[in-house]
Amino acid sequence: MSLFGTLRSTRNLVFGAGQRAALPGYAATLGRRALVVTDERFSAQADFQAIVDGLRRAGVDVKVFDRTIAELPLDCINSALEAGAAFGADMVIGIGGGSCLDAAKVAALLLTHGGRASDYYGEFKVPGPVLPLLLLPTTAGTGSEVTPVAVITDPDRAIKVGIASPHLICHTAICDPELTYSCPPGLTAVSGADALTHAIEAFTTVRREPTGSIVHEHVFLGKNALSDHYALLAISHICASLKRAYDNGQDIEARQRLMFGATAAGLAFGVAGTAAAHAVQYPVGAMTHTAHGAGVAVMMPYVMEFNRNHCEAEIGEIGQAMGLDIGGRSAEQQADATIDAVAALFASIGIPATIADLGIGKDQLPQVAEQAMGSARLIKNNPRPLDLASMTVLVEAAFGGSRDALRAHSRSRKAS
Ligand SMILES: NC(=O)c1ccc[n+]([C@@H]2O[C@H](COP(=O)([O-])OP(=O)(O)OC[C@H]3O[C@@H](n4cnc5c(N)ncnc54)[C@H](O)[C@@H]3O)[C@@H](O)[C@H]2O)c1
Ligand SMILES: [Fe+2]
């Protein structure tokens, strides 16, 4: 096997407590008029005012848009766009959770190229560079500060839609863990669980033949040597810190490691992609109005079990990055222990065990399976090829809580 890797990343990535102070220095090199996209929670904080004051002192004029709504309904993007256009913004700064960062990405896109968000749904639809984007996450988290995708709720679509383009990768990401200290335990749990699923899915996704055109054919091109590096880095930091940060939000070391891991997970999945756990979350989230992170985390142990015959060695490596004492065991035993440990970690931070617990009814399962199959960019990345019949097996297991049945099924397929 040849060594192949791709990294698509920001021009600048700065990580560290207090580093939000670096923002004005970067902004002042990029323009004079910043549209700052955030939400009403953060715009009411003293930290936010200090950031705006710092920008103005550096000679950057600021227009604040603070009406971002969680999960990003299309309407609020249009309002951000109007605010930015009237102001004549020459850069966009996003500060907040993934919803605010994605709103900033789409605002920068539409301010530059015009049209409607729906013109760009899918992969590689953005025609060229967008206004300089500077992103500061306040959750740990989606990784959006380093990824090439923005995720939107469009009332005309049954499930959330993505705009995926390398042009959406921001110019400068500043990850200051102090901005996450205020996250309550429930938010710490779902956003941290989302980050761990990014790393696990990136590490277990399909590995494609590295043809000379692979990087132009896929925004999310599958597992490779560079995404693997960031995925394992992410897994070790997140698994050492997620429960600690959930139990004690003032555990500064845990907060730092969790955010470091979430950004590393963004670097991994931003090039490798995610797969079935994310594909199933889109319809489940739309039907139950539950958080993205909760839905992907519920699915993750089932998806690992479902995929294991196609990535058993990788699952064992994940367990070792988690710090499990599994060296010397068989590949099968390592995978068993790893999947159990992921499920136990999620249970310990209050993630439900089944999609039934999230509010899915039995009669909705065919629709969940069918709509999950519609996320082509995610389905094509799953290590085990998926069709509607096998997707139905997966969602039925995640509904009934029958991970053991999937395990027995994998064992019998392996034996035969
Ligand atoms: N672009 C990407 O790469 C990517 C990846 C995964 C998920 N997403 C998307 O990101 C969104 C989820 O983002 P999220 O999980 O960061 O949450 P979020 O941005 O939707 O925010 C959820 C809530 O948490 C609050 N919040 C944010 N930071 C806080 C803090 N420090 N203290 C207290 N409250 C805080 C927000 O005000 C909001 O009420 C979804 O729309 C999801 O689809 C995007
Ligand atoms: Fe996610």
Side-chain angles (χ1 to χ4, degrees), residues 8 20 37-45 47-48 66-74 76-77 94-106 133 135-154 159-165 168-170 173 175-202 219-220 245 249 255 258-259 262-263 265-271 273-282 284-286 289-297 299-300 375 377-378:
R8 297 192 183 109
R20 60 192 182 282
V37 178
T38 187
D39 61 13
E40 287 177 327
R41 177 201 72 85
F42 194 58
S43 71
Q45 313 276 313
D47 273 341
F48 180 73
D66 68 355
R67 298 292 160 90
T68 307
I69 295 167
E71 304 295 322
L72 207 49
L74 201 53
C76 80
I77 298 174
I95 313 177
S99 300
C100 294
L101 306 190
D102 286 359
K105 285 171 157 176
V106 182
L133 263 167
L135 301 179
L136 287 79
T138 63
T139 57
T142 65
S144 179
E145 67 277 10
V146 291
T147 71
V149 62
V151 188
I152 298 172
T153 302
D154 180 334
I159 59 175
K160 284 176 94 175
V161 283
I163 300 176
S165 162
L168 288 190
I169 297 174
C170 80
C175 305
D176 184 337
E178 288 179 1
L179 296 177
T180 68
Y181 294 175
S182 55
C183 292
L187 179 61
T188 302
V190 295
S191 51
D194 185 24
L196 183 56
T197 66
H198 293 158
I200 293 174
E201 292 219 282
V219 174
F220 300 108
R255 285 293 197 195
L258 189 55
M259 189 177 221
T263 300
L267 289 169
F269 98 83
V271 67
T274 55
H278 273 72
V280 177
Q281 190 280 326
Y282 285 117
V284 168
H289 303 289
T290 49
H292 170 80
V296 292
M299 287 308 299
M300 194 71 258
S375 291
R377 76 186 152 89
L378 303 172

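Ligands are counted one by one from 1 in listed order, and the atoms in each one are counted from 1 as well.
- Distance check: Gln45 CD to Thr38 OG1 gives 9.0 Å after rounding to the nearest 0.5 Å.
- Residue contacts with ligand 1 for Thr153 are absent, since no atom lies close enough (heavy atoms, distance under 4.0 Å).
- Taking only nitrogen or oxygen atoms, main chain and side chain alike, His198 does not reach within less than 3.5 Å of ligand 1.
- Counting heavy atoms under 4.0 Å from ligand 1, residue Phe269 touches it through the side chain alone.
- The proximity of Asp194 to ligand 1, defined as any non-hydrogen pair under 4.0 Å, is limited to the side chain.
- Contact of the Val161 side chain with the Val151 side chain is not registered, since no non-hydrogen atoms from C-beta on lie closer than 4.5 Å.
- In the candidate list Gly266, Ser191, Ala103, Ala164, Ser191 is nearest to atom 15 (O) of ligand 1, counting heavy atoms.
- Close approach of ligand 1 to Gly97 (heavy-atom distance below 4.0 Å) involves ligand atoms 16 (O), 19 (O).
- Here the protein heavy atom with the shortest distance to atom 3 (O) of ligand 1 is Thr147 OG1, 2.6 Å.
- Side-chain N or O atoms of Thr139 include none that pairs as donor or acceptor with a backbone N or O of Ser191 at under 3.5 Å.
- For atom 39 (O) of ligand 1, no protein heavy-atom neighbour is present inside the 4.0 Å cut-off.
- Taking CD of Glu145 as the start and CG of Leu101 as the end, the distance is 6.5 Å to the nearest 0.5 Å.
- When heavy-atom distances to ligand 1 are checked against a 4.0 Å cut-off, Arg41 comes that close only through its side chain, counted from C-beta outward.
- Closest protein heavy atom to atom 18 (P) of ligand 1: Ser99 OG, 3.5 Å.
- In Asp102, the part holding a heavy atom less than 4.0 Å from any atom of ligand 1 is the side chain.
- Numbered from 1 in the order shown, with element, the atoms of ligand 1 that lie under 4.0 Å from a heavy atom of His292 read 6 (C), 7 (C).
- Separating the CG atom in Leu72 from the NE2 atom in His292 is a distance of 13.0 Å, to the nearest 0.5 Å.
- In terms of modelled atom types and a separation under 3.5 Å, the side chain of Thr197 and the main chain of Val296 share no donor-acceptor contact.
- The shortest side-chain heavy-atom distance between Ile163 and Ile152 falls under the 4.5 Å cut-off.
- Taking the Fe ion (ligand 2) as reference, the nearest N/O/S atom within Asp194 carries the name OD1.
- Of all protein heavy atoms, the one lying nearest to atom 32 (N) of ligand 1 is Ser182 OG, 2.8 Å.
- In this structure, Leu74 CG and Asp154 CG are separated by 5.0 Å, a value rounded to the nearest 0.5 Å.
- Of all N/O/S atoms in His292, NE2 sits nearest the Fe ion (ligand 2).
- Ring geometry for Phe269 against Phe220 counts as parallel: the plane angle stays under 30°, on a 0 to 90° scale with 60° as the upper cut.
- With respect to the salt-bridge test (charged N to carboxylate O, under 4.0 angstrom), the residues Asp66 and Arg41 do not qualify.
- The shortest contact between atom 28 (N) of ligand 1 and any protein heavy atom is with Thr138 OG1, 2.8 Å.
- Ligand 1 has a nitrogen or oxygen under 3.5 angstrom from a nitrogen or oxygen of Leu179.
- Distances between N or O atoms of Val149 and those of ligand 1 include at least one value under 3.5 Å.
- The closest approach between a heavy atom of Gly293 and any atom of ligand 1 is not below 4.0 Å.
- What sits closest to atom 14 (P) of ligand 1 on the protein, heavy atoms only, is Gly98 N, 3.5 Å.
- Within the 3.5 Å criterion, the main-chain N or O of Thr180 finds no donor-acceptor partner in the side chain of Thr138.
- Taking a cut-off of under 4.0 Å to the non-hydrogen atoms of Ala70, the atoms of ligand 1 that pass are 20 (O).
- At a heavy-atom distance under 4.0 Å, only side-chain atoms of Asp39, from C-beta outward, approach ligand 1.
- Angle NE2(His278) to the Fe ion (ligand 2) to NE2(His198): 90° [nearest 10 degrees].
- Ligand 1 lies nowhere less than 4.0 angstrom from a heavy atom belonging to Leu72.
- Looking only at distances, a side-chain donor or acceptor of Lys105 sits under 3.5 Å from a matching main-chain atom of Thr147.
- Going from atom CD1 of Ile159 over to atom OG of Ser375 covers 4.0 Å, rounded to the nearest 0.5 Å.
- Shown in contact with Val151 at under 4.0 Å from a heavy atom are these atoms of ligand 1, numbered in order with element: 43 (O), 44 (C).
- Closest protein heavy atom to atom 8 (N) of ligand 1: Thr142 CG2, 3.7 Å.
- Closest to atom 23 (C) of ligand 1, if we only count protein heavy atoms, is Leu187 CD1, 4.4 Å.
- Remark: side-chain polar atoms of Arg67 are not paired, donor with acceptor, to backbone N or O of Ile77 under 3.5 angstrom.
- A side-chain donor-acceptor contact under 3.5 Å links Glu201 to the backbone of Ala277.
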Stepwise side-chain contact (heavy atoms from CB on, under 4.5 Å) test for Leu179 and Phe42
CA-CA 10 Å; Leu179 296 177; Phe42 194 58; 3.9 Å; yes
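- Assignment of Glu40 to the shell around ligand 1 is not supported, since no heavy atom sits closer than 4.0 Å.
- Rounded to the nearest 0.5 Å, atoms CZ (Arg255) and SG (Cys183) are 5.5 Å apart.
- The protein atom (non-hydrogen) at minimum distance from atom 42 (C) of ligand 1 is Lys160 NZ, 3.7 Å.
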